[in-house]
Number of protein chains: 2
Amino acid sequence: MYSIGQFAKKTGLTVRALRFYSEKGLLEPCFISDAGHRYYNDASIETIQKIVTLKYLDYSLEEIEEVLRNEEQQLIESLRFQKLQLEKKRNQIDRVIASLDQAIEIGKRSEVIDTTIFLSVIFNLLKEDEQMDYLKSIVPDELVERIYDFYGMNIIESNQKYIDLANRLKQAYIQPIQDENLKSLIEQLFSLIPQDMVVELAEVLKDYNDIQFDEWLFPTPFTKEEEEWLMSQVERFGVYGGVDDE
Amino acid sequence: MYSIGQFAKKTGLTVRALRFYSEKGLLEPCFISDAGHRYYNDASIETIQKIVTLKYLDYSLEEIEEVLRNEEQQLIESLRFQKLQLEKKRNQIDRVIASLDQAIEIGKRSEVIDTTIFLSVIFNLLKEDEQMDYLKSIVPDELVERIYDFYGMNIIESNQKYIDLANRLKQAYIQPIQDENLKSLIEQLFSLIPQDMVVELAEVLKDYNDIQFDEWLFPTPFTKEEEEWLMSQVERFGVYGGVDDE
DNA sequence: ATAATATCTACCGTTACGTCAGATGCAACT
DNA sequence: AGTTGCATCTGACGTAACGGTAGATATTAT
């Protein structure tokens, strides 16, 4: 017979955890003294080995209780199910890591450090699919796919350029620069998408006058004021008649 | 200005979540009416996009708050750290999946369904490293490594055979079988490790009389009674003089 | 007998909200 | 103006698996 402390040492679990299992009925001590002290024996070891094993396999305590009660044989089925769950988790983590990789790569190449710009770029990476669906409800599917294909192939460079341009434009709003420089920046902004696609896009959007892209789905790093200023400059320089969104 | 419900729809978050962020000071509404109703504007959208982005990247709300406060530039460093954390998580999941694979493979090949036997086998798989360390404190390192090398190369088959044998032996305890059959089972049990290693092991262990292996680290699917009975039979048949542990 | 250590039973805290209950508020319709 | 119906509020409890503490009692060692 072991006291709870001895048992904890032997199994590597904490006293608190053992008490918790005792409360939950997952592992009842073989004997409880009048003073309420818990004592365990070798049979307890067998049970707790099962518990530790299943915990390692990422079973919840509730699931473990079920396995311990059901001496039935769907254990292997249950293991298969468990594996599926873990694979889902892993795939999700892989997706997030991939996003982080892209973000880090983009960040490495820009000297810029503006959190707002940077996070809006990452947000766009994440919401790409939703953005496409949304755009397809307005613009012909084929055009949307063409644009995103192009974008996808230059995703790192596009975003790096975009970040730098956005940063300079925000600067230019605070501290005005020469017209020709400003015009050049705006032209570079539009050149992120090939000219023919921009023209085509402008063509389609002409039908909807004054269309507003969903400001949730298409974040820009610009404030409302900056954005209005930017649009006015675009019109002033007459670049492609006013198409703006990335 | 959006009411909390409208804002929730726009952003895809729940009303409760928005209220929670409001409480935590993570995203304060731009305006709160006398009645206490929360209203949001486009500036709120910018903030919540950051929050959503960082949440996707597996930041905790506390970490997000830090990033939002610190307009400092360690964001990319922070992303790298975040990636490291996720890679650790993923590696752990990978290890567990590998264990599950082994377990499923072993389970598939045995017709046996005894949970106790099966889980003790998996536990042994998990604790292999600790077991080796423990054994090395008693038996020469080189012998331990030789045994585990052999075991590791036949891990699936060894365990499958072990499960079947353990199952039959447990049966034989309940319902006695012919001596020659029992002897055969016991011999098969010992043949799981090559004869020469068993002999060598017995040689070393002869010095310690009546050694007890840590019953936590080396679980057997047998009860104390079954185990004693098994040992007595081993001695009766004179198989290798009484070495038992797997 | 006394001191030191172990154990007990509570109860609160953690994360990021979900889920009520009961009280108001607001917009629309009669 | 009154009523209906929906939106929103605060406040509280629940989640999973314990960790940490306090104050009381038990066991063990000296």
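Numbered from 1 within each chain, the chains take letters A, B, ... in sequence-line order.
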| message | Show, in sequence, the C-alpha distance, side-chain angles and deciding distance for B:W216 and A:Y2, and conclude whether the ring-ring contact (aromatic ring centres under 6.0 Å, His included) test is met. | response | CA-CA 13 Å; B:W216 161 249; A:Y2 312 95; over 10 Å; no
For B:D94 and A:R90: C-alpha separation, side-chain torsions, deciding distance, then whether side-chain contact (heavy atoms from CB on, under 4.5 Å) applies. CA-CA 8 Å; B:D94 280 341; A:R90 187 182 55 185; 2.7 Å; yes
To the nearest angstrom, the CD-C1' distance between B:E23 and C:dA16 comes to 11 Å
- Query: Does A:E28 come within less than 4.0 Å of A:R38, counting only side-chain N to carboxylate O?
  - Reply: no
Do the side chains of A:R80 and A:E77 get close enough for a salt bridge, i.e. N-O under 4.0 angstrom? yes
Could I get a table of every N or O pair under 3.5 Å where one atom is in the protein and the other is in nucleotides 17-19 of chain D?
unit_1 : atom_1 : unit_2 : atom_2 : d
D:dA17 : OP1    : A:L61  : N      : 3.2
D:dC18 : OP2    : A:Y21  : OH     : 2.8
D:dC18 : OP2    : A:K55  : NZ     : 3.4
D:dG19 : OP2    : A:T14  : OG1    : 2.9
D:dG19 : N7     : A:R16  : NE     : 3.4
D:dG19 : O6     : A:R16  : NH2    : 3.2

- Item | Under 4.0 angstrom between A:R19 side-chain N/O and C:dT7 OP1 or OP2 | no
The correct set of residues in residues 30-39 of chain A placing a heavy atom under 4.0 Å from DNA chain C is A:G36, A:H37, A:R38
What do the steps show when you test A:E227 against A:K224 for salt bridge (Lys or Arg N to Asp or Glu O under 4.0 Å), and what is the final call? CA-CA 5 Å; A:E227 221 167 303; A:K224 284 278 159 197; 5.2 Å; no
State plainly whether the residues A:E105 and A:K108 are in salt-bridge range, i.e. N to O under 4.0 Å. yes
Between OH of A:Y2 and P of C:dA6 the distance, given in whole Å, is 18 Å
A correct 5'-to-3' footprint of nucleotides 1-6 of chain D, with B, S and - meaning base, sugar-phosphate only and no protein heavy atom under 4.0 Å, is ------
When rounded to the nearest 0.5 Å, the distance separating CD of B:E65 from CG of B:L54 is 12.0 Å
message = Under a 4.0 Å threshold between the charged nitrogen and the carboxylate oxygen, would A:R69 count as salt-bridged to A:E66?
response = no
To the nearest angstrom, the OH-P distance between A:Y40 and C:dT7 comes to 10 Å
Is the shortest side-chain N to carboxylate O distance from B:K24 to B:E62 below 4.0 Å?
-> no
Mark yes when over 12 heavy atoms from residues, nucleotides or ligands other than A:K89 sit less than 6.0 Å from its NZ; otherwise mark no. no
Closest non-hydrogen atoms of B:M132 and B:V144, given as atom of the first, atom of the second and distance, are O-CG1, 4.1 Å
Rounded to whole Å, CG of B:D58 lies from P of C:dT15 at a distance of 14 Å
